[in-house]
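Along the sequence shown, residues carry numbers from 1.
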Amino acid sequence: NFWMKKYTKAMEIYQEATPLAEKVKDYRALRTAYMNIAAIHLELKINRPIQEYINKSLYYSSLMKNPYFDCETNMVVGLFYWRLGNPDKAIKQLEKSILLGKHINARSHLKRAYDSLGVIYSFKKDYREALHYFKEATLLKDSIQGEKTLKHLNELDIKYKTAQMDKQLAQKQLIIT
């Protein structure tokens with residue numbers, strides 16, 4: 001059982017690292033370690049201690065005083081709750097993530113939270129809400145993609161203009177010599 005050994009080893013490493021991270025007050029490392037321990041428990045279908053690790057990851061995230069990490073943590077916790085079969089808790093956490101994400105313009109997190117809420121509301125057969133969140137996710141995806149395309153076009157334009165200028169300079173050099 002290859003994956004079982006890998007997960008078990010990873011969990012041991014995280015559990016060994018947490019006392020040191022607590023000693024030096026590395027809240028980011030603690031948040032990440034507890035989120036990963038919860039994820040490993042989820043993969044191994046060991047549900048009993050997951051809530052404890054979720055709570056610890058939320059706690060250490062709040063100590064960081066960083067809205068980006070709070071947004072991400074709430075989103076991941078929402079996905080944990082969804083996988084644990086608790087759609088109402090998942091919705092609550094994902095909505096928290098959306099509020100934080102809007103405040104700091106964390107668009108990739110917002111898109112993922114909107115997509116996740118669309119899936120959850122579809123599962124709950126609340127198709128009006130599902131459609132609302134899928135539309136929000138699509139708008140964000142299109143906006144993000146549009147910005148990437150515009151950036152790429154601007155880069156190509158700069159390369160083209162630079163090449164044209166280099167060509168003109170080379171021609172002027174030939175005329176001078």
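Taking a cutoff of 4.0 Å between a charged side-chain nitrogen and a carboxylate oxygen, Glu155 and Lys159 do not qualify as a salt bridge. A salt bridge is absent between Lys6 and Glu43: the closest approach of a Lys/Arg side-chain nitrogen to an acidic carboxylate oxygen does not fall below 4.0 angstrom. Here Arg31 pairs with Glu72 in a salt bridge; the nearest charged N to carboxylate O distance falls below 4.0 Å. Look at Lys96 and Asp70 and you find no salt bridge, because none of the NZ, NE, NH1 or NH2 atoms lies under 4.0 Å from a carboxylate O. We find that Lys92 and Asp88 are not joined by a salt bridge, their nearest charged nitrogen and carboxylate oxygen being 4.0 Å or further apart.
The backbone N or O of Met4 lies less than 3.5 Å from a partner atom in the side chain of Thr8, making a donor-acceptor pair. Formation of a donor-acceptor pair under 3.5 Å by the Thr32 side chain with backbone atoms of Ala29 is not found in this model. Distance alone, capped at 3.5 Å, is enough to place a donor-acceptor pair between the Ser122 side chain and the Gly118 backbone.
Residues Asn86 and Tyr81 bring no donor and acceptor atom of their side chains to less than 3.5 Å of each other.
Aromatic ring centres of His41 and Tyr7: separated by at least 6.0 Å. Within the 6.0 Å centre-distance limit, the rings of Tyr133 and Tyr121 are counted as a close aromatic pair.
The two atoms that bring Ser116 and Leu79 nearest to each other are OG-CD2, 3.2 Å, heavy atoms only.
Between Phe123 and Trp82, the two ring planes are perpendicular [angle over 60°; tilted spans 30° to 60°].
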